Each structure stands twice: as C-alpha cells, then as structure tokens.
Amino acid sequence: MRLARLSTPDGPVSGRYDEGTVHAEDGRYEVGVDGDLLPPCRPTALYCVGRNYAETLEQMEYDRPEEPDFFIKPPAALVAPGEPIPSPEFTDELTYAGELAAVIDERCRTLAPEEVPGAVRGYTILNDVDALDQQGRTARKAFDGSAPLGPWIETDLDPRAIEMWTDVAGERRQEASTELMLFDPYEVVSYLSERFTFRPGDVVAFGSPANPGLLEPGDTVEITYEGVGTLENAVEEPGERRP
C-alpha cells in the first residue's frame, strides 16, 4: 500500500494513494486538481548514512567505514515531490544523490535488526542534495531545500535487494541495487536506534550508489527505486526562489 500526504486549501490530508488519488478519511482527493503532494511524512529529523556503497568509496576515494557513517538534516531541508530544488547563491557545486529511505512508524529506541521491520511504516525516496564546495558536512548538506522526499511511502517492501536508477536531464546517471550496500537497511536503523530515540515520521536514508554528480539550473532529477516509485524535482532557474 502507498501512503501519501496532500496539500489542500483546507489544510494537509493523508491517506492511501492510488493512481493519482489520495483516499483520506473524509473523501477522495485528486492530485494536481484538489492539491499537490507534500513530503509523505513529518520528521523531527532526517538521519542520513553516507559511504554505504563500495563503488562510491572507490569513486570518491573514501576509506571503508567500520560502522555506518551518518549526518542529520533538519525538517527545514524538506522539499515536496515536484517542488523546485533551490539553487543557493552560496554554492557553485550543487549535487544530487538518489537514496532509499525508511519512515519510522512509532517512538522507539535500541532496536535489534530483526525488530526493524515492525518499527518502520514503509519506504520512500530521498534526494540528498549537497553543496559540495562548502566547508563541513552541516554546511554542505543541512541547508533549506536539501532534502527532496517522496513521492509517497510504500508499506509493502523488502528493501534489501531492489534496483534503483537516477536520471538527470534525461541522462542515466546512477544505476545499482540495494543489495550492494555495505550495511543493509535493517542494520542501519538498528545502529542509529542505539544513539537516538526515533519518533513517528522520522526518516532514515541509506546512502547513495556511485555517480552522485553536479546539477545545473533547470535540470530535472528523477530517482526511481523499484517497488517504491519515482521522485521527480527540477532545479530552480536563476532568479526563481521559493517563498
């Protein structure tokens, strides 16, 4: 089942998503007519793992981590499906990275890997946007608009061996399988749960395959994970700014 959130004139609604329609408790809403998709959850934090694919380590000349290497993005980083990705004036090296992400379903801490499926609402897609020329991970990765997320949550998915691909401006840039992760999704959530108390709606992203790369104004980024869907956002043009 797919779960989505929709912005309407009367406020956000949530429900089951099916072929362009959100079935909420108070009725049916057509995406693009009654409102636009929102990020599919409301996290208190987005926990993002890096360096989780061997090919990425080779490409970026990183050392292999002995345990998951992570950073945190704040809720202000969220961008809805279809919403423009900001192009900050402070960077000349804006990059994309297509990542699978889990959405936590309940307040929890100290999960064993085998307990993780019961604590996860489902899976969605994150574009880990990065200002590569900034100093320090927080400056690079935690700015407003650095976390396009969506388009919905898929509740029926084993995340450990699914195919993914990323297209930028119609060109295939990334292609891999989650079975190539150094730490699988259940291991990652378990590891982070030893350090943080998760709350409903929190997001855990599992890292990007090789070939994260530069974005130009006007580029459309389409990130697809098999069994989940496609997250699509375009980079804003010069002079275009979100309110």
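As a basis for the values below, the full set of heavy atoms in this structure was taken, side chains included, without hydrogen atoms, waters or symmetry mates. Please read these numbers as outputs of a predicted model, since none were measured by experiment.
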**Message:** Applying side chain to side chain contact (heavy atoms under 4.5 Å, CB included) to M164 and T166, what does each step give before you reach the verdict?
**Reply:** CA-CA 7 Å; M164 70 79 63; T166 300; 3.4 Å; yes

**Message:** What I want to check is whether the side chains of T44 and D202 have a donor and an acceptor closer together than 3.5 Å.
**Reply:** yes

**Request:** Verify the neighbour count for atom CD of E25: are there more than 12 heavy atoms of other residues, nucleotides or ligands below 6.0 Å?
**Result:** no

**Asked** Any side-chain heavy-atom pair from E99 and S208 closer than 4.5 angstrom?
**Response** yes

**Message:** Main chain of E216, side chain of D219: is a donor-acceptor contact present, judged purely on distance under 3.5 Å?
**Reply:** yes

**Request:** Is it possible for you to say whether W165 and Y53 belong to one hydrophobic cluster, with membership spreading through side-chain heavy-atom contacts below 4.5 Å?
**Result:** no

**Prompt:** Does any N or O in the side chain of D133 come within less than 3.5 Å of the main-chain N or O of T91, such that one atom is a donor and the other an acceptor?
**Reply:** no

**Prompt:** Can you tell me how far the CG atom of L94 sits from the CD1 atom of I85, to the nearest 0.5 Å?
**Reply:** 7.0 Å

**Prompt:** Would you call D69 and R51 a salt bridge, using N to O less than 4.0 angstrom?
**Reply:** yes

**Request:** Hey, could you give me the CG/CG distance between L100 and L157, rounded to the nearest 0.5 Å?
**Result:** 7.0 Å

**Item:** Any donor-acceptor N/O pair, E114 side chain to Y186 backbone, under 3.5 Å
**Value:** no

**Message:** If you apply the rule ring pair (Phe, Tyr, Trp, His ring centres under 6.0 Å), what do you find for F143 with F90, and how did you get there?
**Reply:** CA-CA 11 Å; F143 56 90; F90 56 74; 5.6 Å; yes

**Request:** Please determine, by modelled atom types, if E67 and Y191 share a side-chain donor-acceptor pair under 3.5 angstrom.
**Result:** yes

**Asked** Quick check: does any side chain N or O of T220 sit under 3.5 Å from a backbone N or O of A234, one acting as donor and the other as acceptor?
**Response** no

**Prompt:** Is there a side-chain contact between M1 and L3 (heavy atoms, below 4.5 Å)?
**Reply:** yes

**Complete:** Closest non-hydrogen atoms of P43 and L78, given as atom of the first, atom of the second and distance, are CD-CD1, 3.7 Å

**Prompt:** Under 3.5 Å, side chain of E115 to main-chain N/O of A112, donor-acceptor pair present?
**Reply:** yes

**Message:** salt bridge (Lys or Arg N to Asp or Glu O under 4.0 Å) for K141 and D130? Distances and angles first, verdict last.
**Reply:** CA-CA 5 Å; K141 291 177 171 290; D130 187 332; 3.1 Å; yes

**Request:** Check the surroundings of atom CG in D26: do more than 12 heavy atoms from other residues, nucleotides or ligands lie under 6.0 Å from it?
**Result:** yes

**Prompt:** Can you check whether G170's main-chain N or O pairs, donor with acceptor, with D167's side chain at less than 3.5 Å?
**Reply:** no

**Message:** I'd like to know if the side chain of T178 and the backbone of A161 have a donor-acceptor N/O pair within less than 3.5 Å.
**Reply:** yes

**Message:** Is the shortest side-chain heavy-atom distance between R107 and F198 below 4.5 Å?
**Reply:** no

**Item:** Pairwise side-chain contact, C41 with I104, heavy-atom cut-off 4.5 Å (strictly under)
**Value:** no

**Item:** Check: N233 side chain, P148 main-chain N or O, donor-acceptor pair, under 3.5 Å
**Value:** no

**Prompt:** In terms of hydrophobic clusters joined by side-chain contacts under 4.5 Å, are Y123 and L38 together?
**Reply:** no

**Asked** With clusters built from Ile, Leu, Val, Met, Phe, Trp and Tyr whose side-chain heavy atoms come within less than 4.5 Å, directly or transitively, what are the remaining members of the cluster of V13, listed by chain and number?
**Response** L6, Y17, V22, Y29, V31, L37, W152

**Message:** With a 4.5 Å cut-off on side-chain heavy atoms, are V116 and V120 touching?
**Reply:** yes

**Message:** Taking the basic N atoms (NZ, or NE/NH1/NH2) and the acidic carboxylate oxygens, is any pair closer than 4.0 Å for D18 and R2?
**Reply:** no

**Within 6.0 angstrom of R137 CZ, more than 12 heavy atoms from elsewhere** = yes

**Request:** Tell me whether L214 is reachable from V129 by hopping between hydrophobic residues (I, L, V, M, F, W, Y) whose side-chain heavy atoms are closer than 4.5 Å.
**Result:** no

**Request:** Would you check if the side chain of E171 reaches a backbone N or O of V168 as a donor-acceptor pair within less than 3.5 Å?
**Result:** no

**E30/R28 ion pair, N-O < 4.0 Å** = no

**K73 side chain reached by S146 side chain, heavy atoms, under 4.5 Å** = yes

**Message:** Distance check, rounded to the nearest 0.5 Å: E154 atom CD versus R121 atom CZ?
**Reply:** 14.0 Å

**Interatomic spacing from CZ in F196 to OH in Y47 - rounded to 0.5 Å** = 5.5 Å

**Prompt:** Can you find a pair of side-chain heavy atoms, one from C48 and one from L126, that are under 4.5 Å apart?
**Reply:** yes

**Asked** If Ile, Leu, Val, Met, Phe, Trp and Tyr residues are connected whenever their side-chain heavy atoms lie under 4.5 Å apart, and connections chain through other members, are F71 and F206 in the same group?
**Response** no

**Asked** Counting only heavy atoms not in E66, do more than 12 sit closer than 6.0 Å to its CD atom?
**Response** no

**Prompt:** Would you call P212 and Q174 a side-chain contact if the rule is heavy atoms closer than 4.5 Å?
**Reply:** yes

**Request:** Working to the nearest 0.5 Å, report the span between OH of Y96 and CD of E222.
**Result:** 12.5 Å

